[in-house]
Amino acid sequence: MSTEHPRRPNVVIILTDDHAAHAIGAYGSVVNRTPRIDEIAEAGVRLDNCFCTNALCTPSRATILTGTYSHVNGVTTLETPIDASQPTFVSQLKAAGYRTAIVGKWHMGEGPGHDPEGFDYWAVLRDQGEYFDPQIRTAQGVEIVEGYATDVITDLSLDWLDSLEGDEPWCLLVHHKAPHRPWEPDERHRGMYRDPIPVPATFGDDYATRGSAAHRAAMRIADHLTLADLKESPPDGLDYEQAALWKYQRYMEDYLACVASVDDNVGRVIDWLRAHEAFDDTLLMYTSDQGFFLGDHGWFDKRFMYDESLRMPLLVSCPSRIPARSEPLEQIVTNVDFAQTVLEAAGVAPHPRMQGLSIWPQLTNEPDAPTRPAMYYRYFENDDVNHHAFAHYGIRTERYKLIYFYNDGMGLPGSSPHVYPPEWELYDLELDPEELRNVVREPAYRGIREALEVQLWELQAELLDAPHHSQPVPDRLHTAAAG
């Protein structure tokens with residue numbers, strides 16, 4: 001740690017659930033405004049290529065905490081609770097003298113062995129939690145707290161900060177339920193997006209070049225939003241396409257109203273930090289556990305390796321250490337990297353088990369330093385009962401994305417017993433940023449596909465993940481071995 005900053009920074013990580021980057025003003029949103037969240041970007045840095053390594057709530061949260069991939073921390077699906085005794089960045093901070101707390105959504109299991117560990121204080125929602133009058137679990141038991149969950153979580157977070165005495169640094173995780181399904185806004189924000197909301201250009205995607213996974217997935221706005229999601233039936237007299245557009249508007253109206261409440265409450269945290277003269281010396285991070293489809297490709301939800309689901313928002317400020325800049329950080333970053341980044345900022349050694357890389361140099365004094373040439377993704381929960389998304393893994397470089405749908409739950413909780421034929425997809429993100437054209441069978445991309453297959457295979461070996469048995473060893477690996 002530089003001698004310029006003898007005091008270690010405080011840490012606040014605000015983690016939302018399913019908040020897509022393209023519904024944040026700082027990322028150029030055309031559907032809403034988020035002025036308070038944007039303040040973090042204005043005071044610090046926006047990261048444009050931050051990706052999750054398993055686009056599902058429970059696994060992403062485990063990865064953020066432990067700094068490890070799903071296959072290492074054991075949290076692969078929604079039905080695989082965490083072994084909370086694992087080393088985390090929070091346990092490392094606590095051992096180094098930080099006061100630690102988590103408030104809000106935990107969603108990684110309940111009871112001995114699964115409750116939060118390494119925290120001086122924890123007050124978390126039960127399972128997904130309720131939007132109104134949420135049940136809050138603490139070490140003392142369960143209490144119903146009256147109010148709207150986003151406000152309640154912020155209230156409890158600020159109450160904990162107000163209770164602290166002394167000068168030791170602290171780490172606070174503020175984990176919101178919003179804007180998770182079923183998108184129930186509070187009275188203050190309900191209806192604020194009644195004007196027509198722009199429809200994404202890919203809303204009518206017919207998946208013509210994709211494999212069966214996209215066709216089978218039960219996350220189409222036209223077909224799979226329930227009456228509980230919509231809160232009212234479509235008007236009479238609409239045909240199928242008109243009803244789909246009506247459902248999109250109804251979904252987005254509530255989703256964005258939930259985001260607006262989050263934005264207000266992010267402002268409350270910023271205001272507290274400023275009022276206590278702590279903003280400049282606090283590492284403040286705003287992110288979400290994954291991206292989300294906002295009508296893109298006709299979908300809601302996440303799970304897939306396509307960019308709207310894969311991309312996480314990440315805005316970071318710490319004015320005493322991180323220079324504010326208007327240009328975004330464009331290197332590839334993943335949620336595996338959060339743990340080591342926070343620890344380096346705090347001057348605390350990472351646990352040797354952690355698999356990410358610290359981007360503290362890129363945030364502070366080496367903005368152009370490379371990170372990784374490619375990121376690895378794996379979604380395990382095959383053919384889940386609600387969305388029927390197929391298991392897949394893949395690699396994303398700056399320009400290309402190769403996905404292998406191995407379509408096998410391998411007996412994991414949350415997966416169906418069915419196994420389907422495997423399929424490949426390949427996208428050229430420079431020529432096709434919206435991922436509408438799968439080029440895996442096009443002769444012009446054969447060399448690129450073969451090189452990416454090798455890169456994927458080698459990255460899996462480096463990260464200690466085993467390829468599915470159906471994936472053949474890449475031909476180029478055979479060639480190299482023979483040579």
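Predicted model, so just to flag it, every value in this text is computed and none were measured.
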Check your understanding: Just by modelled atom types, is the Ser326 backbone N or O under 3.5 Å from a matching donor or acceptor in the Arg46 side chain?
Key -> no

Practice item. Describe, in one word, how the ring planes of Tyr248 and Tyr251 are oriented to each other, choosing from parallel (under 30°), tilted (30 to 60°) and perpendicular (over 60°). Key: perpendicular

Exercise for review: Could you go through the side-chain contact (heavy atoms from CB on, under 4.5 Å) check for Gln135 and Val145 one step at a time?
Suggested key: CA-CA 6 Å; Gln135 299 177 73; Val145 180; over 6 Å; no

Study note, to complete from the structure: Test side chain to side chain donor-acceptor pair (under 3.5 Å), reference Asn335, set Thr53, Thr63, Asp289, output is Thr53

Review point. Within a strict 4.5 Å, meaning less than it, do heavy atoms of the Glu381 and Pro59 side chains meet?
Key: no

**Study point:** ring-ring contact (aromatic ring centres under 6.0 Å, His included) partner of Phe304, chosen from Phe390, Tyr379, Trp299, Phe292
**Key:** Trp299

Check your understanding: Which word best sums up how the rings of His71 and Tyr376 line up, parallel for under 30°, tilted for 30 to 60°, or perpendicular for over 60°?
Key -> perpendicular

Check your understanding: What heavy-atom pair brings Ala389 and Arg303 nearest, and what distance separates the two atoms?
Key -> CB-CD, 3.8 Å

Point to revise | Pairs meeting criterion ring pair (Phe, Tyr, Trp, His ring centres under 6.0 Å) with involvement of residues 12-52, two or more places apart | key: His19-Tyr286

**Study point:** CA sep, side-chain torsions, deciding dist, call: Asp38, Thr34, side-chain hydrogen bond (donor to acceptor under 3.5 Å, both in side chains)
**Key:** CA-CA 6 Å; Asp38 297 351; Thr34 53; 2.9 Å; yes

Review point. Is the number of heavy atoms from other residues, nucleotides or ligands under 6.0 Å of Arg33 CZ greater than 12?
Key: no

Review point. What's the verdict on side-chain hydrogen bond (donor to acceptor under 3.5 Å, both in side chains) for Gln331 and Thr371, showing C-alpha distance, side-chain angles and the deciding distance?
Key: CA-CA 6 Å; Gln331 297 93 314; Thr371 53; over 6 Å; no

**Study point:** Contact check, side chains of Arg353 and Thr68, non-hydrogen atoms, under 4.5 Å
**Key:** yes

Practice item. Assess whether side-chain contact (heavy atoms from CB on, under 4.5 Å) is satisfied between Arg137 and Asp115, documenting all intermediate values. Key: CA-CA 9 Å; Arg137 291 195 307 118; Asp115 286 337; 2.7 Å; yes

Check your understanding: Is Val269 close to Val12 at the side-chain level, that is, under 4.5 Å between some pair of heavy atoms?
Key -> yes

Review point. More than 12 non-hydrogen atoms from neighbouring residues, nucleotides or ligands closer than 6.0 Å to CD on Glu232, yes or no?
Key: yes

Review point. Taking the side chain from Asp229 and the backbone from Pro182, do they hold a donor-acceptor pair closer than 3.5 Å?
Key: no

Check your understanding: Are Tyr148 and Phe132 close enough that their ring centers fall under 6.0 Å?
Key -> yes

Check your understanding: Do Asp151 and Thr154 have side-chain N/O donor and acceptor atoms under 3.5 Å apart?
Key -> no

Check your understanding: In terms of heavy-atom contacts, does CD of Glu398 have more than 12 from other residues, nucleotides or ligands at under 6.0 Å?
Key -> no

Check your understanding: So, does Asn382 use its side chain to make a donor-acceptor pair with the main chain of Ser415 at under 3.5 Å?
Key -> no

Exercise for review: Measure up the His297 and Phe293 rings against each other and bin them: parallel (under 30°), tilted (30 to 60°), perpendicular (over 60°).
Suggested key: perpendicular

Check your understanding: Just wondering, do Ile322 and Val45 contact through their side chains at under 4.5 Å, heavy atoms?
Key -> yes

Review point. Any side-chain heavy atom of Val199 within less than 4.5 Å of one from Leu245?
Key: yes

Exercise for review: Please assess Ser29 against Asn32 for the test side-chain hydrogen bond (donor to acceptor under 3.5 Å, both in side chains), listing each intermediate value before the final yes or no.
Suggested key: CA-CA 6 Å; Ser29 172; Asn32 68 330; 2.6 Å; yes

Practice item. Sort and list the pairs that fulfil ring pair (Phe, Tyr, Trp, His ring centres under 6.0 Å) and have at least one residue in residues 101-120, not counting sequence neighbours. Key: none

Practice item. Please test Leu78 against Met108 for side-chain contact (heavy atoms from CB on, under 4.5 Å), starting from the C-alpha separation and ending with a verdict. Key: CA-CA 8 Å; Leu78 290 176; Met108 291 185 286; over 6 Å; no

Point to revise | Flag side-chain contact, heavy atom, 4.5 Å: Val103 against Leu173 | key: no

Check your understanding: Quick one: does Gln86's side chain get under 4.5 Å of Ile82's, heavy atoms only?
Key -> yes

Practice item. Starting from the C-alpha separation in whole Å, work towards a yes-or-no answer on side-chain contact (heavy atoms from CB on, under 4.5 Å) for Asp18 and Gln290. Key: CA-CA 6 Å; Asp18 296 342; Gln290 63 263 318; 2.5 Å; yes

Practice item. Compare every heavy atom of Tyr255 with every heavy atom of Ala20, then report the nearest pair and how far apart it is. Key: N-OH, 3.0 Å

Point to revise | Considering all heavy atoms, the nearest Pro350-Leu343 contact | key: CA-CD1, 3.6 Å

Practice item. Could you tell me whether the side chain of Glu39 reaches within less than 4.5 Å of the side chain of Pro35, counting heavy atoms only? Key: no

Exercise for review: Show your working on side-chain hydrogen bond (donor to acceptor under 3.5 Å, both in side chains) between Asp186 and His189 and close with a plain yes or no.
Suggested key: CA-CA 6 Å; Asp186 63 356; His189 300 92; 2.7 Å; yes

Check your understanding: Parallel, tilted or perpendicular: which fits the ring planes of His392 and Tyr377, with parallel below 30° and perpendicular above 60°?
Key -> tilted

Revision key, fill the gap. OG of Ser309 to CE of Met219, rounded to nearest 0.5 Å, is 7.5 Å

Exercise for review: State which residue, out of Arg311, Arg396, Lys401, fulfils the salt bridge (charged side-chain N to carboxylate O under 4.0 Å, His left out) condition with Glu435.
Suggested key: Lys401

Check your understanding: Between Ser70 and Asn54, is any side-chain donor less than 3.5 angstrom from a side-chain acceptor?
Key -> yes

Practice item. Could you tell me the separation between the CG atom of Leu284 and the OG atom of Ser317, rounded to the nearest 0.5 Å? Key: 4.5 Å

